[in-house]
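Keep in mind that what you see is a predicted model, and the values were worked out from it rather than measured.
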Amino acid sequence: MIERIHLEIIKQVQEKGSLTAAAESLCLTQSALSHTIKKLEGKLGAKVWEKEGRNLRFTQIGDFILKEASRLLPQLERAEEVIDQFVAGGKGSLSIGMECYPCYKWLLRVVEPYLSEWPNIDVDVKQRFQFGGMSALLNHEIDILITPDPMEREDVLFTPVFDYEQVLIVTSGHKLINKAFVEPADISNETLYTYPVDPERLDIYTDFLIPAHCTPQTHKTIEATEIMLQLVAAGRGVSTLPKWLVNEYMDSLTIKPIKLGKQGIHKSIYFGIRQSDIGNAYIKGFLELAKSI
């Protein structure tokens, strides 16, 4: 009853905001688009949307179909890509999703040799997801999810590929500079810069501050790593990043890493792939290359 064209129309109407714009994006006339939906409504025996002046309001059924379109269309598109790859003899694309801001610089180390080893595979990297990284992976919007926080699922395999230590970063003249390690209370009077991620997903909070019932004096979010480190170097506050990344900037900025707690905070980067893709040669190739870098 419901066909792909119905899903595409409803998705485009929601995204474009009007029947005219949706029809144009789908290379249809507005009358053809309206006729297609009216025919569907006739089969359903219910309206998909209602007109309110110049605007459209989805009905409950329309909202349900829209949600299904958001889930099913990426899967259909991915299925077509895979089929095209079989037909083309190995040509295709690898879509990578990232839930780790500082990992992008590390990922570049993997992408460069991968492109040389797999000349027929294009690589795309996504850092923003409408419903989160795991949903993007399960809905086939991406093929690999890179995250420091794996979730156990039977249909997804998470593999650790890179170990690192999370450290505090201070400017060279900071009062904490000579400490072998810092305690949570040491950050209570500091301005803490982090990436724009919920505190409950930040290691500095979950593994360090919250267990000690401590909070920074001020918490500010910065998206760009370079700007964050420049603010720290200027004495505006402190931050936390992987030690390997801090080491790459120490020659150009007056910053220093300090261990978080006596034992430190040690983490791993994981690659998540769908169980159904374990046998995919070029996905497996990317995973093996990442583990060797």
Side-chain angles (χ1 to χ4, degrees), residues 1-99 111 115 118 120-146 155-156 272-274 276-277 280 282-283 286:
M1 182 181 291
I2 297 179
E3 301 175 7
R4 180 171 180 172
I5 187 61
H6 302 136
L7 301 178
E8 291 177 338
I9 288 174
I10 289 173
K11 187 76 161 50
Q12 287 301 312
V13 168
Q14 188 269 337
E15 291 181 356
K16 304 300 182 182
S18 71
L19 296 181
T20 302
E24 184 178 346
S25 68
L26 293 170
C27 298
L28 297 172
T29 63
Q30 183 174 332
S31 60
L33 184 150
S34 298
H35 176 74
T36 300
I37 293 300
K38 285 183 179 179
K39 189 174 180 180
L40 172 64
E41 290 175 334
K43 291 180 179 179
L44 295 175
K47 290 284 188 180
V48 171
W49 56 54
E50 300 282 356
K51 286 189 176 181
E52 294 182 344
R54 294 184 177 181
N55 298 320
L56 293 176
R57 179 183 60 81
F58 283 104
T59 63
Q60 186 176 14
I61 290 176
D63 279 332
F64 174 77
I65 297 175
L66 175 61
K67 291 178 181 178
E68 290 302 296
S70 298
R71 180 177 66 87
L72 294 172
L73 286 175
Q75 295 184 33
L76 291 172
E77 291 168 3
R78 180 56 183 160
E80 290 173 347
E81 288 179 4
V82 172
I83 292 172
D84 288 341
Q85 290 162 17
F86 283 130
V87 173
K91 293 184 179 180
S93 63
L94 177 65
S95 183
I96 301 169
M98 301 191 66
E99 286 189 333
V111 170
L115 293 176
W118 296 82
N120 294 324
I121 304 298
D122 294 328
V123 175
D124 181 29
V125 179
K126 299 179 180 180
Q127 292 182 284
R128 300 182 186 280
F129 315 100
Q130 185 176 1
F131 301 110
M134 182 62 78
S135 294
L137 181 64
L138 295 175
N139 289 335
H140 294 252
E141 296 175 45
I142 57 176
D143 303 303
I144 297 176
L145 175 63
I146 299 178
D155 48 354
V156 176
I273 64 174
R274 294 178 292 272
S276 58
D277 286 339
N280 184 301
Y282 62 83
I283 292 179
F286 194 88

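- In this structure, Gln75 contributes its side chain and His140 its backbone to no donor-acceptor pair below 3.5 Å.
- With contacts defined as side-chain heavy-atom distances shorter than 4.5 Å, the pair Ile10/Ile2 does not qualify.
- When all heavy atoms of Ile273 and Asp143 are compared, the closest pair comes out as CG2-O, 3.8 Å.
- A search for side-chain hydrogen bond (donor to acceptor under 3.5 Å, both in side chains) contacts involving Asp155 returns Arg153, not counting sequence neighbours.
- For the salt bridge (charged side-chain N to carboxylate O under 4.0 Å, His left out) test, residues two or more places apart in sequence or in another chain that qualify with Arg57 are Glu52.
- Once rounded to the nearest 0.5 Å, the distance linking OH of Tyr282 with CG of Asp122 reads 10.5 Å.
- Within the model, atoms CD1 of Ile37 and CG of Leu44 stand 9.5 Å from one another, a figure rounded to the nearest 0.5 Å.
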Using a 3.5 Å cut-off and no angle test, enumerate the donor-acceptor pairs between side-chain atoms of residues 19-27 and protein atoms at least two apart in sequence or in another chain.
residue, atom, partner, partner atom, Å
Thr20, OG1, Gln30, OE1, 2.8
Ser25, OG, Gln12, OE1, 2.9
Ser25, OG, Ala22, O, 2.7

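- Here CG of Leu28 is found 6.5 Å from OG1 of Thr36. Values are rounded to the nearest 0.5 Å.
- A 4.5 Å side-chain heavy-atom check between Phe286 and Ile121 finds every atom pair outside the cut-off.
- Residues Leu76 and Arg4 meet the side-chain proximity criterion, which asks for heavy atoms closer than 4.5 Å.
- Looking only at side-chain heavy atoms (C-beta outward), Leu56 and Lys51 come within less than 4.5 Å of each other.
- Taking both residues in full, the closest heavy atoms of Pro74 and Ala69 are given as CD-O, 3.8 Å, listed atom of the first, atom of the second, then distance.
- We find the OG1-CG distance between Thr59 and Leu66 to be 10.5 Å, quoted to the nearest 0.5 Å.
- Applying the side-chain hydrogen bond (donor to acceptor under 3.5 Å, both in side chains) criterion to Ser276, with sequence neighbours excluded, gives no partner residue.
- One finds the CG atom of Leu137 at 6.0 Å from the CG atom of Leu145 (value rounded to the nearest 0.5 Å).
- Taking both residues in full, the closest heavy atoms of Asn280 and Ile283 are given as OD1-N, 3.1 Å, listed atom of the first, atom of the second, then distance.
- The salt bridge (charged side-chain N to carboxylate O under 4.0 Å, His left out) check on Glu3 picks up nothing, with sequence neighbours excluded.
- Leu94 is not listed as a side-chain neighbour of Trp118, based on a closest heavy-atom distance of 4.5 Å or more.
- Remark: Arg274 CZ to Asn139 CG distance equals 9.5 Å, nearest 0.5 Å.
- At least one side-chain heavy atom of Phe58 sits less than 4.5 Å from a side-chain heavy atom of Val13.
- Among residue pairs with one or both ends in residues 58-68, those qualifying as salt bridge (charged side-chain N to carboxylate O under 4.0 Å, His left out) are Glu68-Arg71; sequence neighbours excluded.
- Val156 places a side-chain heavy atom less than 4.5 Å from the side chain of Met134.
- Side-chain contact between Glu99 and Ile146: absent, with no pair of heavy atoms (C-beta onward) separated by less than 4.5 Å.
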